[in-house]
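Inspection log for the structure reproduced underneath, given as C-alpha cells.
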Amino acid sequence: MGVVLDSDDLPVADRLEVIHDAVCSGVLPVGIEWDDPARSIECRYRVATAGAVNVSSAESSGNRLERTARQARTDHPPQVFLAVQLGGTSVVAQRGREACLRPGDMVVYDSAAPYRISNLGRTTLAYFQVPRAMLALPQGAVDEVLAVRIRAGTNPLATVAAPYLRSLARSEVLDRPEAALLADPTVELFRALVTAQHAGAGAVVHPSGAPLVLSVQQYVRDHLQERDLGAASVAAAHHVSRRHLYATLARAGVSLHDTIRRQRLAACRRDLRDPRSAHLAVATIGSRWGFVDPSHFGRVFKATYGVTPYGWRAGDGAAPDPTGRT
C-alpha cells in the first residue's frame, strides 16, 4: 500500500520534519518552505507505485518546493516528472521558464536541473515520476518542454491525458498489485504527450520504437546475472537483428552497454550492504553480477560511485544508486 500522510495526525513539533522526510524518501530530495507556521499548515500526501512509475499526490496549504543545483548534480539519477494541477494555482520554474498552472493544466520538469514549485495557497497536484531513460526520447525533446504549460488548446492529447492521470492518481488500484500493469500505458501516454508538445515533433523518435526500448530495458533487468547478456542475446530474444537493435536504441538515446553495466553495478551496490550477502567475498558478488575480473569490477565501481567496493561495504561514501532504487 502507498504511503498516506495527514498533517492532522502529526504532532505540531514534528510536523515539518515528518512531511519533509516523507517527500524526500518517497519521491525526491527537495527543500520545502511553508507560508504558515507548523501549527497552521495542512497537508495530505500520498505516494504509491505503478510498476516503475512513482505516483504521488498532495493537497496542501501554501508552500514552495525547491531542488538545488547541488541536489540536481549529485544525489539522484535523472527522473522526469509530469505534474497535473487538480486544484488551486501553482507555478513551476525551471531552466529560465515558468508555467502557471490552473486546474486541468500539466507541466513537465526534470530532476537533473534545479527547479522551484510555488503552490499559491491551497493546492492539489498529482505527480508522475518516471526514470528519464524509460521515456526513450532524445534529451533535447524533453528539455524543450520543461516548465511549459500543457493544456487543452495547445496540446491535442491534453484532453485525453489529464482525465486519465487524474483518475489514476486518485484510484485505489494503486494499492493493488495490478497497478503494475498500468506502468507501460502510463509511460507511453507521458511520452506521447511530450512528443505532441515538442515544437519540432518531426525530430522526435516515433512512438513505434518505444515498446522495443522498454522491452529491452526490462529484459536486461530480468537477465542481469546471465554471463552472455549482450547485444546478441537481447536481439535474439526480441527477434530483431543486432543492427536494428542498436539503431532503435541509438535513436532513443539509450546505450545497451551502459544500461547493462549501470544495472549490474547497482545490484552489486545493494548486495555489498545486504546482511544476507555478508558471507560472500567482494569478488564473488561482482562475479555473480557479471564482473568476472575483480580488478575491472573495482575500477568501474569506484569510477561510478567514488568509493571502492570494499569501502562501500565498510560504510564509506554515499554511493547514490544510478537506477533510482535504494
Side-chain angles (χ1 to χ4, degrees), residues 20 23-24 27-35 54 56-58 60 62-121 123-158 161-162 165 187 189-205 252-254 320 322 324:
H20 180 261
V23 172
C24 290
V27 182
L28 197 73
V30 292
I32 306 176
E33 298 178 358
W34 294 88
D35 292 347
N54 184 296
S56 59
S57 60
S60 65
N63 62 76
R64 288 163 302 286
L65 292 82
E66 184 167 5
R67 183 162 171 83
T68 67
R70 185 173 184 274
Q71 289 172 328
R73 285 195 308 269
T74 63
D75 72 1
H76 209 279
Q79 306 282 310
V80 183
F81 290 80
L82 176 61
V84 184
Q85 193 80 17
L86 304 181
T89 301
S90 299
V91 179
V92 177
Q94 187 170 48
R95 296 191 183 276
R97 294 191 290 264
E98 286 190 356
C100 184
L101 308 179
R102 293 182 172 82
D105 293 343
M106 294 170 284
V107 69
V108 175
Y109 60 98
D110 190 333
S111 72
Y115 63 76
R116 186 179 182 88
I117 301 174
S118 301
N119 295 312
L120 311 180
T123 55
T124 307
L125 292 98
Y127 305 89
F128 298 83
Q129 173 186 350
V130 175
R132 188 161 189 163
M134 284 193 67
L135 280 185
L137 286 170
Q139 182 169 326
V142 178
D143 288 346
E144 288 192 17
V145 303
L146 298 177
V148 173
R149 184 184 177 201
I150 299 174
R151 59 188 175 88
T154 64
N155 189 307
L157 301 183
L165 296 170
V187 171
L189 183 59
F190 190 165
R191 188 176 188 280
L193 198 66
V194 171
T195 300
Q197 188 69 27
H198 189 264
V204 179
V205 180
V254 176

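In what follows, residues are counted from 1 in the order of the sequence shown.
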Practice problem: Identify the two heavy atoms, one from Q71 and one from E66, that lie closest to each other, and give their separation to 0.1 Å. | Solution: OE1-O, 3.9 Å
Quiz prompt | Nearest-0.5 Å distance that lies between atom OH in Y115 and atom CG in L65 | solution = 7.0 Å
Quiz item: Is the closest side-chain heavy-atom distance between N119 and I117 below 4.5 Å?
Solution: yes
Quiz prompt | Sequence-distant partners of T124, side chain to side chain contact (heavy atoms under 4.5 Å, CB included), two or more places apart | solution = E59, L86
Quiz item: Just how far is it from atom OG of S90 to atom CG of L120, taken to the nearest 0.5 Å?
Solution: 6.5 Å
Quiz item: For the atom pair OG (S111) and CD (Q129), what is the distance rounded to the nearest 0.5 Å?
Solution: 7.5 Å
Quiz item: Could you state the interatomic distance from CG (L189) to CG (L157), rounded to the nearest 0.5 Å?
Solution: 7.0 Å
Quiz item: What are the two closest heavy atoms between M106 and L101, and how far apart are they?
Solution: O-CD2, 3.8 Å
Exercise. Start with the C-alpha gap between Q85 and D105, add the side-chain angles, then the distance that decides, and say whether side chain to side chain donor-acceptor pair (under 3.5 Å) holds.
Key: CA-CA 6 Å; Q85 193 80 17; D105 293 343; over 6 Å; no
Exercise. Calculate, to the nearest 0.5 Å, the distance between atoms CG and CG belonging to L82 and L165 respectively.
Key: 5.5 Å
Quiz prompt | Closest heavy-atom pair and its distance - R67, P29 | solution = NH1-O, 2.9 Å
Self-check item: Listed partners of F128 passing ring pair (Phe, Tyr, Trp, His ring centres under 6.0 Å), at least two apart
Solution: none
Quiz item: So does R97 pair up with D143, basic N to acidic O under 4.0 Å?
Solution: no
Practice problem: Check A69 against P114 and note the closest heavy-atom contact, atom names and distance. | Solution: CA-CG, 3.5 Å
Quiz item: Do any N or O atoms from the side chain of E98 and from the backbone of V91 form a donor-acceptor pair under 3.5 angstrom?
Solution: no
Practice problem: Rounded to the nearest 0.5 Å, what's the gap from CG on L125 to OG on S60? Could you check? | Solution: 7.5 Å
Exercise. Looking only at non-hydrogen atoms, find the nearest pair between G87 and P103 and report the distance.
Key: CA-CG, 4.0 Å
Exercise. Classify the angle between the aromatic ring planes of Y127 and Y109 as parallel (below 30°), tilted (30 to 60°) or perpendicular (above 60°).
Key: perpendicular
Self-check item: Nearest heavy atoms of D35 and N63, plus distance in Å
Solution: OD2-N, 4.0 Å
Exercise. Could you walk me through whether Q94 and D110 pass side chain to side chain contact (heavy atoms under 4.5 Å, CB included), step by step?
Key: CA-CA 8 Å; Q94 187 170 48; D110 190 333; 4.0 Å; yes
